[in-house]
Each structure stands twice: as structure tokens, then as C-alpha cells.
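To keep things clear, I will list the structure first and then write my remarks on it.
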Amino acid sequence: MGKVTKSIPHLSKEEIQERIKTTGGFWRVQKWLVIWNALVDPRPAREIALHTGIAEQSVHNLISHYKPLGAGNGGRAWERAEDAAPI
């Protein structure tokens, strides 16, 4: 069993759920789903990848990118980074 992948709660669970509902674009929603899964049910990246339908390495990349940037400025810093580095 691999390391457990966790997310730092920069946003509350309710705020992340709202982002998932209001975000446009399939890949952006997938990214928020990875953060949601890592926050509410920490488990190995492989399991999160299977659950969300993206590559395990993408889960690692998203979590490692999200942790330091967080959702400062209402998540804009991380969302700008999303646009620059698509899955």
C-alpha cells in the first residue's frame, strides 16, 4: 500500500463542493474532485486516480501543486496555475 495522499484544507468542504458545482470545464472539475477526495477521504494516489478517472501521476502533481498555493485569493492563484499546466 502506498503513501496516503492528503490535502491541506485551504478551503472548507462546503467551499470545495461549491467550486465543483460552479466550475466550468471537465478537467477543472476533475481537478477539484481530486482535491475533494484527498480532503474528505485521504488514501493512496492510485485509489484517488481510479476513483476520479485520471492518471496517478496527475493526482500527485495536483496535490503537490495545490498544497503550497492553496486557494489564496479565493482560489485564483491555484486556478491560474491550472490554466498554465493542464493535465
Side-chain angles (χ1 to χ4, degrees):
M1 183 177 212
K3 295 181 187 178
V4 173
T5 302
K6 300 178 192 175
S7 175
I8 298 172
H10 295 291
L11 295 173
S12 70
K13 293 176 185 176
E14 293 79 19
E15 290 171 316
I16 292 175
Q17 283 180 327
E18 186 62 29
R19 295 284 172 102
I20 291 169
K21 290 178 186 175
T22 59
T23 297
F26 176 76
W27 290 115
R28 288 183 177 169
V29 172
Q30 289 301 99
K31 291 175 183 185
W32 282 111
L33 286 172
V34 168
I35 300 303
W36 169 257
N37 276 274
L39 180 65
V40 299
D41 188 15
R43 55 192 187 266
R46 174 170 285 184
E47 291 181 30
I48 293 174
L50 288 172
H51 186 76
T52 57
I54 65 172
E56 181 179 353
Q57 187 60 50
S58 294
V59 172
H60 288 295
N61 294 345
L62 288 167
I63 296 297
S64 66
H65 196 75
Y66 176 77
K67 282 182 179 180
L69 291 177
N73 298 323
R76 290 185 207 108
W78 189 61
E79 288 170 358
R80 279 194 305 271
E82 284 184 322
D83 294 336
I87 296 178

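Nothing fancy with the numbering, it's 1 onward along the sequence. Just so it is clear, the values below take in all heavy atoms, side chains as well, and ignore hydrogens, waters and symmetry mates.
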Practice problem: Begin from the C-alpha positions of Leu33 and Gln30 and carry the test side-chain contact (heavy atoms from CB on, under 4.5 Å) through to its verdict. | Solution: CA-CA 5 Å; Leu33 286 172; Gln30 289 301 99; 3.4 Å; yes

Quiz prompt | Distance-minimising heavy-atom pair for Ala49 and Ile54 | solution = CB-O, 3.1 Å

Practice problem: Identify the heavy atoms of Lys31 and Leu62 that sit nearest to each other, and give their distance. | Solution: CG-CD2, 3.6 Å

Self-check item: Spatial distance of atom OG (Ser12) from atom CD (Glu18) [nearest 0.5 Å]
Solution: 10.0 Å

Quiz prompt | hydrophobic_cluster_shared for Val34 and Leu50, side chain cutoff 4.5 Å | solution = no

Exercise. Please answer whether the main-chain N or O of Pro44 pairs with a side-chain N or O of Glu47 as donor and acceptor at a distance below 3.5 Å.
Key: no

Quiz item: With side chains defined as the heavy atoms from C-beta onward, is the minimum distance between Arg19 and Arg28 less than 4.5 Å?
Solution: no

Quiz item: Between atom CG of Asn37 and atom OG1 of Thr52, what is the distance when rounded to the nearest 0.5 Å?
Solution: 6.5 Å

Quiz item: Are any non-hydrogen side-chain atoms of Trp32 and Gln17 less than 4.5 angstrom apart?
Solution: no

Self-check item: Identified side-chain contact (heavy atoms from CB on, under 4.5 Å) counterpart of Ile35 within the set Ile48, Val40, Ile63
Solution: Ile63

